[in-house]
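Only this structure's heavy atoms are used, side chains among them; waters, hydrogens and symmetry mates stay out. The chains referred to below are lettered A, B, ... by the order of the sequence lines, with proteins before strands, and numbering in each begins at 1.
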Amino acid sequence: MINWAEHLPALQVVVPMLCAPLVVLLHPRGFAWAAATLASLFAFVISISLAAGLLRGQTYQYNMGSWAPPFGIELRVDAFSALMLLIVTGASTITLFAARQSIDQQIEEERQPLFYAAWLLALSGLVGILVAADAFNIFVFMEIAALSSYVLVAGGPDKRALPAVFKYLIMGTIGATFYLIGIGMIYLMTGTLNLADMELKIHEVADQKPVLAAAGFITIGLALKAAVFPLHIWLPNAYTYAPHMVTAFLAACSTKVSLYVLLRLDFFVFQANLSEHDIQFSYFLMPLAVLAMLVASVSAMFEQNLKRMFAYSSVAQVGYIMLGASLVNQAGLTASIIHMFNHALAKGALFLVVASLAMRFSRLRLCDISGAGRQMPWTMAAFVVAGLSLIGVPGTAGFISKWYFISAVLSEGAIGVALAIIIVASSLMAVVYVWRVVETAYFGVPQVGAIKISEAPFSIIIVIWIAALANVYFGLVTDVPVMLGTMATEALMGHLR
Amino acid sequence: MELLGLYHYWVFAVLLMIGFYAVMAKLNLIKKLIGLSMFQAAVFLLYITMSKVDGGTAPIIQNGAENQLFSNPLPQVLILTAIVVGISTTALGLGIVVRIKEEYGSIEEHEILEVDRQ
């Protein structure tokens with residue numbers, strides 16, 4: 001009798017990956033969609049059970065093929081990966097449930113099974129990054145996720161997606177190759193690829209210079225993939241021209257998974273071993289984070305296209321997450337990790353709303369959707385809820401992370417006050433761009449001669465409201481993200497004291 | 001001469017920068033991809049050369065020849081995987097270039113931007 005619970009970390013990757021080729025064979029298209037959704041739902045259920053197990057105090061460690069680490073490949077799920085798994089599989093499942101009609105509109109019927117297969121591969125790559133405890137495995141999964149997301153982004157009908165995805169491919173590959181160089185240098189110095197083993201062996205390395213260079217390569221490479229300002233230039237166009245549902249999926253989780261790897265390596269592997277790494281880390285990333293929060297928010301304020309507006313907003317939110325991490329203390333890191341979760345909720349819901357608007361409106365500039373609040377009341381009401389969560393209004397998930405951020409920076413003295421002001425300023429800019437959409441949607445007059453627009457299909461409305469209500473729920477009941485976030489911080493920084 | 005003794009690092013660094021330059025500076029998308037391939041190939045060389053042990057043979061146990069000095073096989077195996085990744089990236093990149101040529105009628109970056117602006 002096989003003990004299935006033991007194999008959960010591996011199954012989570014294997015099931016979507018094996019379902020991908022099966023989905024290709026499924027015709028007509030409804031089956032492909034159903035199979036992809038089921039596989040994704042299965043992964044989601046596993047990640048819920050993993051998170052529940054971790055909250056009960058269980059640990060998950062899995063040796064691939066029963067080869068013991070550090071020589072075998074190890075999978076490990078701790079609180080940080082469990083929280084991220086919830087985000088990734090949840091975003092994929094929710095989006096797939098809503099995706100069917102929108103995908104029908106955007107992608108020809110015979111290509112749809114291939115599209116869903118690429119989706120599942122992207123999912124299994126992202127999940128693989130999160131469960132892998134081996135630096136090279138992370139690279140391979142990163143490339144699986146990246147290659148299939150290029151396919152997803154380029155899959156839509158908009159031809160402008162092609163140059164955008166080419167830029168994404170070039171920059172993504174450079175980022176991954178930088179990461180590979182860094183891992184190679186560490187392997188030269190330590191002879192190991194297992195993260196936990198690496199952490200121990202770097203202690204013994206006499207000459208720190210190569211490790212420092214490796215830390216630099218890895219940080220820059222992953223910052224490129226995570227769209228840390230000013231390395232974000234691939235992101236706005238890729239998100240804007242991708243199929244709408246792909247944007248909802250990727251915006252909720254793909255940059256955050258790169259941030260996860262960045263934080264894991266910088267905090268878990270390097271922080272304790274390199275002298276003054278904390279100072280270099282925060283001096284390098286804090287200015288970038290602040291710039292991201294201000295510059296990207298300003299870009300979003302003046303943007304006309306809805307999707308690009310929220311893409312810039314994503315760059316700003318990556319800035320928040322980096323800001324918390326660059327404080328290099330427990331409060332800041334906890335705030336960052338909680339914000340990853342809460343921002344995924346808000347941004348996922350917002351892009352689902354945008355996808356739903358896109359089913360009825362042919363273009364997504366602000367002037368095109370004027371009057372949408374009366375024509376699509378349910379969709380736009382969900383937009384308001386998710387928008388409030390993005391801003392950080394009390395009672396929504398966004399408020400919780402803003403609260404943690406403010407209390408983390410205020411413990412930092414004089415510079416903390418300045419940072420708090422920047423956080424508030426950036427949130428106010430979010431108020432401005434969310435309000436611009438609300439204003440045109442509710443108080444704008446529909447364009448003259450426009451055809452009558454009806455509400456989006458029922459199935460999408462349901463999913464959008466689940467996402468929007470999740471924003472409210474996690475704003476009121478904060479146990480799960482806060483407990484997992486605190487445990488994750490403990491795992492990343494606990495060994496520093 | 002230690003500097004020359006580590007010549008494979010120089011090869012790695014120079015190839016890496018040539019590739020990086022091509023990616024940044026060339027406007028032709030195919031040339032960009034060639035640059036990207038060189039950039040990746042340089043990293044493959046870094047891995048492959050690091051595993052070489054002076055006088056080491058292939059890591060195969062033979063009768064009568066135990067305790068041989070052999071090169072580390074692990075980085076080579078790793079890089080086999082990375083080569084596959086590199087090939088898929090290049091293939092996908094070329095596929096995208098073909099689609100760009102179909103849609104835009106050009107593979108020069110500035111001409112594509114020109115079309116988009118209209």
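- In this structure, chain B has a heavy atom under 4.5 Å from the side chain of Leu193(A), while its backbone stays farther away.
- In this structure, the portion of Ile112(B) lying under 4.5 Å from any heavy atom of chain A is its side chain and not its backbone.
- Side-chain N or O atoms of Gln112(A) include one that pairs as donor or acceptor with a backbone N or O of Ile107(A) at under 3.5 Å.
- Only the side chain of Thr81(B) comes within contact range of chain A, with at least one heavy atom under 4.5 Å from a heavy atom of that chain.
- Comparing Ile174(A), Val140(A), Val151(A) by how many heavy-atom pairs each has under 4.5 Å with chain B, the most go to Ile174(A).
- Looking at Leu113(B), neither its backbone nor its side chain comes within 4.5 Å of chain A, counting heavy atoms on both sides.
- A donor-acceptor contact under 3.5 angstrom links the side chains of Asn28(B) and Glu108(B), judged on distance only.
- Checking Arg99(B) against Tyr104(B) by side-chain atom types alone, no donor-acceptor pair falls below 3.5 Å.
- Using cut-offs of 30° and 60° for the angle between ring planes, the Phe178(A) and Phe217(A) rings count as perpendicular.
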*Intermediate values then yes/no, side-chain contact (heavy atoms from CB on, under 4.5 Å), Leu74(B) and Tyr187(A)*: CA-CA 10 Å; Leu74(B) 183 68; Tyr187(A) 183 75; 3.3 Å; yes

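- Annotation for Lys26(B): atom NZ does not count as buried by contact number, only 12 or fewer foreign heavy atoms lying within 6.0 Å.
- Contacts with chain A were tallied for Leu33(B), Leu16(B), Leu46(B); Leu33(B) has the most, counting heavy-atom pairs under 4.5 Å.
- Proximity to chain A involves both the backbone and the side chain of Leu78(B), based on heavy atoms less than 4.5 angstrom apart.
- The contact between Phe39(B) and chain A is made by backbone and side chain atoms together, counting heavy-atom distances below 4.5 Å.
- Looking at Val84(B), neither its backbone nor its side chain comes within 4.5 Å of chain A, counting heavy atoms on both sides.
- Side-chain atoms of Thr247(A) come within 3.5 Å of backbone atoms of Tyr239(A) as a donor-acceptor pair (strictly under, hydrogens ignored).
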